[in-house]
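Note on naming: letters A, B, ... go to the chains in the order of the sequence lines (proteins, then strands), and numbering restarts at 1 for each one. Not measured: the values here are computed from a predicted model.
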Amino acid sequence: MNVLNATERAQFERDIGRYLQNRGGIKEDWSAIAGLGWFTIAFPEEVGGLGGGISDVAPLIDAVGRGLLSGPYLDSLVLAPELLSAFPGKLSEMQARIVDGALKASACDFTRSRVHCERAQGEEEQRLRGRARLFVEAAESDLLCLVASNVRAEECLLLIDGRSAGFDRVEYRLADGRKAMDLMFDGRAVKSLAHCDGPEASLLISNARHLRLLALAIESVGAISSLCEMTIEYAKTRRQFGVAIASFQVIQHGLANIALDVRRAAAFVRAASFMATRRSSNWRNAALAAKFLVDQAGRRIGEQALQIHGGIGMTEECQAGRLFKRVLTNEALEMCGADCLSLLSAQAHELGDVAPGLELDRVMERGND
Amino acid sequence: METVMAFRSKVRAFCADALPAALKWKVQHNQILDKADYIAWQRILRAHGWFGGHWPKEFGGAGWSKLKQWVFEDELARCGAPWLIPFGVSYVGPVLYTFGSKAQQSRFLEPILNSDIWWAQGYSEPNAGSDLASLKTSAKDEGDHYKLNGQKTWTTYAQWADYIFVLARTDVLARPQEGISFFLVDLKSPGVTIRPIETIDKRHHLNEVFFDDVRVGGENLVGRRGEGWRYAKFILGNERLLVAEVGKARRMVQEIVAASQEFEIGNDSGWRRDLASIEVDIASLEAMCLELLADDCADEADSVAPFLKIAGSEVIQRLQRVAQELFARDGPAFHLPALTGAQDGIQRADAAGALSEYLHGRAISIYGGSNEIQRNLLAKSVLRLSR
């Protein structure tokens with residue numbers, strides 16, 4: 001359910017803007033933001049949350065991209081509420097700790113992970129083989145969510161304690177500087193906090209995967225908004241031939257194009273997030289379309305931004321390159337935009353039907369005429 | 001209050017019932033519609049109280065919001081209804097009920113709603129296209145009347161029109177935008193000459209209109225002298241959302257998908273990807289339109305209009321290109337002016353009118369302020385807005 005009305009949402013966006021202006025170090029972000037109560041948004045009321053959805057938490061996800069925050073925000077604030085909802089009662093204490101900022105949750109890349117799982121001892125111990133990939137910024141995550149295939153070759157979902165034994169970690173850095181890790185399983189028994197299989201697990205994993213695609217799109221919109229703004233700023237201040245380069249028409253049209261790309265991506269991503277929150281029939285397609293749209297826009301905007309910055313844009317010192325690398329990294333996580341488009345176009349009967357519910361959802365969201 | 005969603009379903013049901021099949025066929029196949037076709041449809045809508053639904057109730061409208069008006073036109077286009085030619089009902093009508101005299105209102109408003117008087121728009125001139133404010137057509141004050149001299153061009157459907165609204169210079173010394181006034185001119189007046197312009201799609205949409213010492217009564221000056229530019233901008237404000245033709249684009253996708261079944265290409269994954277990406281473009285265009293309409297952000301409208309013009313024209317042009325390329329597989333069209341009815345031995349390329357529509361569509365990024373002008377405007381607003 002969407003819990004913030006338009007006014008509250010606007011206020012939330014202003015509050016976040018103010019936070020980004022005055023924030024301390026990147027390490028303090030997590031507890032500072034939790035302290036502001038913003039982790040409550042998408043968790044159910046039983047565990048101290050507001051019971052909202054991805055459209056409510058979107059301004060915060062946008063800020064993760066805009067301010068290049070690092071930490072498992074998307075996994076903890078968007079995916080965890082979804083995944084943990086499958087275990088009513090059992091994991092409510094963990095959810096409450098995420099809301100407080102005391103616990104971080106991370107999930108593997110669902111598309112690329114290959115883990116096989118057999119029950120070892122009773123309900124709680126699994127024998128795992130394979131590799132769960134791309135837990136991003138998960139070094140401090142005590143709750144790890146991973147997908148595996150069981151003996152019937154069905155998808156299942158496992159929640160494990162990050163500090164438990166029975167697997168090895170491989171840590172590495174992504175192109176944008178964030179840390180990631182894979183978990184390597186060699187058949188040893190691993191104690192799980194909870195697991196879920198059958199049709200219920202498939203649905204849960206599909207939901208989480210599409211929510212992640214959408215959340216990545218929201219985060220990247222934050223990054224490209226910031227990139228576009230700083231490029232406009234730069235064009236206004238950088239002088240060549242005795243004038244600001246923004247006075248040249250060819251530069252102006254380049255700026256116009258990226259501004260259009262940002263506006264368009266942001267509008268669609270907002271629409272898609274409203275659809276996802278209310279679980280409109282077509283929300284998964286809207287999430288795929290959002291990822292495609294934003295990844296494409298991100299590349300165009302990033303390339304244009306570097307071009308307009310000129311040499312300084314090539315330096316590691318300039319924020320433009322860092323924002324661009326965040327966008328490129330997000331593109332490659334879970335499923336790249338090009339593959340999202342392939343999925344959309346492969347659904348034969350749905351061509352001509354990518355987001356037909358869009359107008360209705362949006363308009364209903366805003367109330368009556 | 002009726003939700004917009006319920007209203008949309010009502011419009012859809014109405015079209016399914018009331019839109020004549022022959023008219024729908026013509027629209028879906030890009031065939032030539034004549035004046036009688038447009039008028040027939042306008043009168044069907046009028047009988048239902050939906051022609052000029054965005055006009056205030058006191059002037060015979062239904063008082064729709066901009067959102068409702070947009071949904072209405074969007075749904076009509078999606079259903080394959082004829083384009084609502086805007087010159088009367090959406091351009092000059094609102095100018096008259098907002099700025100016109102009582103006499104002008106009682107003389108012209110009702111005939112617009114009843115489709116009894118047909119209007120043309122006299123804006124562009126041979127040397128005033130994108131740079132409209134440099135227009136030269138003059139209106140000399142002769143006491144109780146004005147004497148109009150000059151030339152207008154690209155005048156759509158002037159050959160059908162009874163009246164034309166004209167921007168003319170009443171003060172040559174004033175700054176370009178300030179010396180312009182807004183006149184209503186009877187096209188039957190002595191001294192008016194209309195000459196057709198043949199376009200590359202071989203249809204007759206466009207005309208040149210010449211004014212040689214045309215006498216225009218003082219009662220046909222709209223609002224205040226010298227404020228014509230303001231009224232022209234007011235029209236632009238009403239027009240800007242209508243350029244984002246989401247409904248038409250959705251209909252085109254459906255038609256292209258249906259037609260593609262007859263060609264191998266319909267199963268080609270590259271082709272399907274291309275079409276799917278256009279659909280994402282359409283959906284994002286729709287999201288921009290609805291945000292603007294739902295948020296009631298009138299202040300922002302000026303800066304957002306160029307976004308819609310650029311995005312809207314590019315989507316339609318992409319679809320026209322895809323449709324034309326699709327039907328080109330059936331061989332080159334041999335008869336550009338599209339059909340007026342079923343004919344034997346005709347190729348699908350012709351029956352679909354796809355080439356003609358494609359060629360005609362090249363104008364979308366040129367008229368109403370070319371896309372280059374839109375990018376200039378956009379740059380100006382983004383450069384100003386960011387501090």
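- In this structure, CZ in R272(B) is found 11.0 Å from CG in L344(A), a value given to the nearest 0.5 Å.
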Item to check | Intermediate values then yes/no, side-chain contact (heavy atoms from CB on, under 4.5 Å), H253(A) and N376(B) | outcome: CA-CA 7 Å; H253(A) 285 197; N376(B) 288 349; 2.6 Å; yes

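- For the atom pair F268(A) CZ and E286(B) CD, the distance stands at 9.5 Å (nearest 0.5 Å).
- Closest approach of V382(B) and A259(A) over heavy atoms only: CG1-CB, 3.6 Å.
- The structure places CG of L290(B) at 12.5 Å from CZ of R270(A), a figure rounded to the nearest 0.5 Å.
- In Q319(A), the CD atom is crowded: over 12 heavy atoms of neighbouring residues, nucleotides or ligands sit closer than 6.0 Å.
- Taking each heavy atom of S277(B) and L341(A) in turn, the nearest pair found is N-CD1, 3.6 Å.
- Below 4.5 Å, heavy atoms of chain B meet no heavy atom from residues 7-22 of chain A.
- For a residue to count as touching a neighbouring chain, one of its non-hydrogen atoms must lie under 4.5 Å from one of that chain's; by this rule E372(B) touches chain A with backbone and side chain alike.
- R273(B) and S345(A) are not linked by any side-chain donor-acceptor pair at a separation below 3.5 angstrom, with hydrogens and angles left out of the test.
- Rounded to the nearest 0.5 Å, atoms CZ (R264(A)) and CG (L285(B)) are 6.0 Å apart.
- Between the OG atom of S381(B) and the CG atom of L255(A) there is a distance of 11.0 Å, given to the nearest 0.5 Å.
- With a 4.5 Å cut-off on non-hydrogen atoms, D281(B) touches chain A through its backbone and its side chain both.
- Here the closest non-hydrogen pair linking A256(A) and L378(B) is O-CD2, 3.6 Å.
- Heavy atoms closer than 4.5 Å to chain B are found nowhere in A290(A), neither backbone nor side chain.
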